Enquirer: 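Could you have a look at this structure, given as structure tokens, before my questions?
In this text the structure is predicted, and so the values were computed from the model without any measurement.
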Number of protein chains: 2
Amino acid sequence: MPNILIVEDEKNMQDIIIEYMKRGGHTCFTADDGIDALMILKNNPMDLMILDIMMPHLDGFSVCKMAREISNLPIIMLTAKSDEEDKLKGYKYGADDYMTKPFSPKILLAKTNALLRRFSANPADTLSAGKITIFPIAHTVFLDGQEITLTHKEYELLFFFMTNPEQIFSREQLLNRIWGYDFEGNTRTVDTHIKTLRQKLGSEGKHIVTLIRSGYKFEVAK
Amino acid sequence: MPNILIVEDEKNMQDIIIEYMKRGGHTCFTADDGIDALMILKNNPMDLMILDIMMPHLDGFSVCKMAREISNLPIIMLTAKSDEEDKLKGYKYGADDYMTKPFSPKILLAKTNALLRRFSANPADTLSAGKITIFPIAHTVFLDGQEITLTHKEYELLFFFMTNPEQIFSREQLLNRIWGYDFEGNTRTVDTHIKTLRQKLGSEGKHIVTLIRSGYKFEVAK
DNA sequence: GTGTGTTTTTAATTATTTTTACTAAATTCT
DNA sequence: AGAATTTAGTAAAAATAATTAAAAACACAC
């Protein structure tokens, strides 16, 4: 029985959502405001949160952001506005889905179930290519069963490549995605990190392929 | 000392798992095939089962299903396939968690501990790693049989780490989870507590590993 | 209120990582 | 083939982060 946290200040709306969630066989917890929601979240194992944006004290976006610090449970945002910008803001803060009021509770339940299904099939705890295996939760990398130590940037680079294999990335793209858009430095920096990474990967360094004038890509089957 | 049943036909894999489970303070029983597993399960009180899917005679799914008829012990499935369908099938037959080969034995141990904690009727009255033992009920910590005194924050930190081993936590996450999301202070606070904790743990301080730019994690087998 | 122990902040030291600058090697183009 | 461009390798410099230790702030019991 998954635990659903419903964060909504309107009593009416709360009741409707609870009713449908119960029909779906879920256990419901409710919070009337953001503070309350975070309290509950901190002390109870929740499987999904349905979060209203318009709330007194602390709005939905802030709750979403703060919730993400302590949990990675799926979040569905609710709002009266169908504003595109709000939607994007929601996703930016880590929401997984979005519903605009007035909405169909049936569809809310369907979305809830879909997210629960997707998340409960526990998300990739390993990433593999050739003899390389990454354990994201532990931030560790194994090479043919042997743990190797990477610096943070090396790890980020490898992780990025392995989550985006077979795609070419220019140095600029890599800088943007891994270093951040505000990185001001030299594009040669990428080369250096590619080099040290290849070195540490030994014979498995072959997965990182140079495409002259284009950039680099990670090939799984190499 | 919880009893773990390891159902795995490959001798090598068996040995690796046994080694790590022993480090985690568990007692191990092994079965080379499904029939064997069910026999053991029927006649001995087991606390958790680690179950390989690919086995001769009777596959893991069938074992899982039949095991559920006689016991509701937590089951972790092991498989070479990272197939989504297999995962769902596993859950359908009553598995509690899933690990895809190749996997990190450390993470397997972490998952094992997590499940044991969640399922055991009287939740963990001791937590161990290396020479460190915590008695949560009494709030006491022993180092190689000798009681040591920790301040409240130190205790909380150690307890958090030992209940969430092998996972990295950023300073922010630690502040959120241990200090509370409303803590306004400096992230260096974490460093200081890590320092005093390591100091008091002496040589066992090695379990707390620093990952530069990422945070800290607790490694059981270190 | 004072004193003790705990927690947090600050600042200096130490260690590590990242970046840059330079040279060598490889690749492409004419 | 040879010049020009691009990438790889090396090592040193610069930037950043972690660890200490010590002082300040805080909390609680007496």
Enquirer: What is the bend of the helix from C/dG1-D/dC30 to C/dT30-D/dA1 when you compare the axis at one end with the axis at the other, using five pairs each and rounding to 10°?
Expert: 40°
Enquirer: Quick check: on DNA chain C, is the nucleotide nearest A/His193 upstream (toward 5') of the one nearest B/Glu154, or the reverse? Name the residue that is more 5'.
Expert: B/Glu154
Enquirer: For C/dT7 and B/Trp179 - does any side-chain N or O of the residue sit under 4.0 Å from the phosphate oxygens OP1/OP2?
Expert: no
Enquirer: Please examine the side chains of A/Thr187 and A/Glu172, heavy atoms only from C-beta on, and report whether any two atoms are closer than 4.5 Å.
Expert: yes
Enquirer: Any chance you could lay out the side-chain contact (heavy atoms from CB on, under 4.5 Å) test for A/Leu38 and A/Leu58, step after step, and finish with the verdict?
Expert: CA-CA 10 Å; A/Leu38 290 168; A/Leu58 194 66; 4.0 Å; yes
Enquirer: State which of C/dT18, C/dT9, D/dT19 makes the closest approach to the side chain of B/Asn186.
Expert: C/dT9
Enquirer: Taking side chain as C-beta onward, heavy atoms only, is A/Phe159 less than 4.5 Å from A/His139?
Expert: no
Enquirer: Pick the nucleotide of DNA chain C nearest each of A/Thr151 and B/Gly185; which residue has the one closer to the 5' end?
Expert: B/Gly185
Enquirer: Just wondering, more than 12 heavy atoms not from B/Lys206 lying within 6.0 Å of its NZ?
Expert: yes
Enquirer: With a cut-off of 6.0 Å (strictly less than), are more than 12 heavy atoms of other residues, nucleotides or ligands near NZ of B/Lys131?
Expert: no
Enquirer: Under 6.0 Å between the ring centres of A/Phe135 and A/Phe142?
Expert: yes
Enquirer: If you measure from the Lys or Arg side-chain nitrogens to the Asp or Glu carboxylate oxygens, is any gap between A/Lys195 and A/Asp191 under 4.0 Å?
Expert: no
Enquirer: Heavy atoms under 4.0 Å is the rule here; annotate nucleotides 21-30 of chain D 5' to 3' with B where the base is hit, S where only the sugar-phosphate is, and - elsewhere.
Expert: B---------
Enquirer: If every non-hydrogen atom of B/Leu175 is compared with every non-hydrogen atom of B/Asn186, which pair is closest and at what distance?
Expert: CD1-O, 4.1 Å
